[in-house]
Protein chains: 2
Amino acid sequence: MTRAESTPAGADPAQADPAQPSPAQADPADPTLAELSEIAVLQRIFPRLPESDATLLGPGDDAAVLAAPDGRFVVTTDMMIHGPDFRLAWSRPADLGWKAAATNLSDVAAMGARPTALVVAIAAPQHLPVSVLEGISDGLREACAALAPGCGVVGGDLSASDTLTLAVTAFGDLEGRAPVLRSGARPGDTVAVAEGGNTLGEAGRGLALLFTRAIDAEGAPDAAAADALRTAYPRLLGAQLRPSPPIPAGAAAAASGATAMLDVSDGLALDATRIARASGVLIDFESAALGEHPESALGGGEDHSLLACFPAGAVLPAGFRPVGRVLKLPAGEPAGITVDGAPHLPGGWDPYRGWDGHAG
Amino acid sequence: MTRAESTPAGADPAQADPAQPSPAQADPADPTLAELSEIAVLQRIFPRLPESDATLLGPGDDAAVLAAPDGRFVVTTDMMIHGPDFRLAWSRPADLGWKAAATNLSDVAAMGARPTALVVAIAAPQHLPVSVLEGISDGLREACAALAPGCGVVGGDLSASDTLTLAVTAFGDLEGRAPVLRSGARPGDTVAVAEGGNTLGEAGRGLALLFTRAIDAEGAPDAAAADALRTAYPRLLGAQLRPSPPIPAGAAAAASGATAMLDVSDGLALDATRIARASGVLIDFESAALGEHPESALGGGEDHSLLACFPAGAVLPAGFRPVGRVLKLPAGEPAGITVDGAPHLPGGWDPYRGWDGHAG
């Protein structure tokens, strides 16, 4: 199917896709990707990308070569897709790069590893101004510098696509430690969270604000309204659009003997249920430790806090605070979570069922 | 923008997107992704994926852990996007998985490394039948088994997107050898290619056949016509849709002292020009060594042959045959290629300029 065929005769193409600039909007200082060669696009991006201390051979050949000094490496991959994962009216390009880096760095940290490098594949519409890719590159650099100094981009891929897509793969060094799995929690363990620059539940509340108030009269995503929300609710919007997970706390938790850990990305309740099921235990939260909004802390999503279990009596590393404890699973009971001793449903997000089909 | 908004009132939605099945086409044995949970989709995919011998910790946690026995690893990433990279009317799902694996394995091999593992992120429309993802998984498994036994999928990500997208990141083990770069060719070297199961130029000719003959009366991609072409031209269509690069030849070339190497993905002429420029040399091809169609061998694209330079007198490893030699660059001349001593333009493909915007 061609783009032209998707706009039946008589429809106004400018109405059909507001992300498609009209020719009158062309900016000679900010050409579209279609107006530049791939090499010209790369020349604008490369100087903005962060360098990695682990690079043995960087971009420019068929593949990069990275150091893995302990003979192993941690790897995780995660995509951000225009529509289900972000709206261009709400996220600035640098926010996209930042969040794509931050979420992948958080998965590396959750294994107890120190992030060393990223590879980044970007697929972008041909009408996109190159400044969007420059902004994404700036966000990748800013996130690495702020969250995981020494981590950088060692390779990537540029493609054309009707859907702006970022696919990040992140690597980490376990520095001789065993990886911290989800399955190691033991009855008696202290359950703790490290929230970094955000607070559990803020990211989810920021998203709810965007969906209900960063829209125009027809319900479409609205950039000016999002800007106003950023000013009015900087913590909630920042947690959603530009999260600051506690990356070094992951390696610190491993060094302190954490028995289980994960990145809280789908809501504390659901992610704690994952640890409980993998470990065959109950996890009991103290609601008083979950802040002013315990239900938003439990049900949120995209927090990118670290949830970890530590042996009873262990000194928690900096950044962690206790929020509950691990209990023995009564015979015949399903593994799961309780809050102040009462059963609690996991909840959570599913990408194929949860996306409403909107982009904007 | 919502999907509904992209179909102006009065247009027939079934006309607007032929890839969108009508409710009457629903198949209870092959549900769409929207009808299944993410967990149910993963349960259908996982048993089909190949396992990696390098896995220390596989899927199921925040990240995987892989062995890197020589303290380094090779990494490359490449996307395949519905539209610029494939048409669903021409490629079967297993072809997509096979090609996504094969092209990334080839980049690893081109460094002189043995491929060890892949991570695979897939973004797919919610109306897609789950059998498409099962087919992609089958293709990933078949390609690893045929081209790089012991290599497997160690992690991934599933997302929703309006554009079917595969992002593969591949890893390799240099087994103590130095990586083979593009910059090491020296005057006097023998230039050789390893073509694996294909022949230079076949993939490009297969693509030209699809564009000109696997279409219906309106010029839209046509599955029945593509099937007929597969029967009539199995080598050309196979080279394009399901390439068989010579993966073990990469490590063999490194072990035999290759001075420079790359994966021929954008046409032999352009890729040889890359080695020539990186090494500051001329590369002269013998047209008689380039088969019956020297111009299609030089100008093709997506061959995924290995092009390598070897010191004069070196015994070429199995699978390689000589096609030219490296010459000293005359003072003041630009690095590049010649054919039978005559200058030749590089040519080549650019994703932002080369895609015509069609999918199908």
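Values below: all heavy atoms of this structure, side chains included; hydrogens, waters and symmetry mates excluded. Model, not experiment: these values are computed from the prediction. Reminder, nothing fancy here: chain letters follow the sequence lines and each chain counts from 1.
The parts of B/Leu66 that come within reach of chain A are both its backbone and its side chain, each placing non-hydrogen atoms under 4.5 angstrom from that chain. In this structure, the portion of A/Leu57 lying under 4.5 Å from any heavy atom of chain B is its side chain and not its backbone. For B/Met111, the part lying under 4.5 angstrom from a heavy atom of chain A is the side chain only. Using a 4.5 Å cut-off between heavy atoms, B/Met80 makes no contact with chain A at all. Heavy atoms of B/Val168 lying under 4.5 Å from chain A are absent altogether. B/Thr165 touches chain A through backbone and side chain together, each having a heavy atom under 4.5 Å away.
A perpendicular orientation is assigned to the rings of A/Phe171 and B/Phe171, their planes being inclined by more than 60° (bins at 30° and 60°).
Interface remark: of the candidates A/Thr163, A/Val180, A/Val75, A/Asp107, A/Val75 forms the most heavy-atom pairs closer than 4.5 Å to chain B. Of the listed residues (B/Leu56, B/Leu174, B/Val65, B/Val108), the greatest number of heavy-atom pairs within a distance under 4.5 Å of chain A belongs to B/Val65. Ranked by heavy-atom pairs under 4.5 Å with chain A, the list B/Val154, B/Asp70, B/Asp78, B/Val119 is led by B/Asp78. Residue with the most contacts toward chain A among B/Gly155, B/Ala121, B/Pro179: B/Ala121 (heavy-atom pairs, distance under 4.5 Å).
What you find for A/Ala160 and B/Pro84 is that their closest heavy atoms are O-CG, 2.9 Å. When all heavy atoms of A/Phe73 and B/Ala67 are compared, the pair lying nearest together is CE2-O, 4.1 Å. Scanning all heavy atoms of the two residues, the minimum distance from A/Ser159 to B/Met79 falls at OG-CB, 3.8 Å.
Here B/Thr76 contributes atom OG1 and A/Asp157 contributes atom CG; the two are 8.0 Å apart, rounded to the nearest 0.5 Å. With values rounded to the nearest 0.5 angstrom, A/Leu118 atom CG is found 11.5 Å from B/Thr77 atom OG1. Atom CG of A/Leu262 sits about 7.5 Å away from atom CG of B/Asp61, to the nearest 0.5 Å.
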For this session: Go through the steps for A/His82 and B/Asp162 under the test side chain to side chain contact (heavy atoms under 4.5 Å, CB included), then give the verdict.
Result: CA-CA 9 Å; A/His82 184 202; B/Asp162 284 337; over 6 Å; no
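In this structure, the side chain of A/Asp62 does not engage the main chain of B/Ala110 through any donor-acceptor pair within 3.5 Å.
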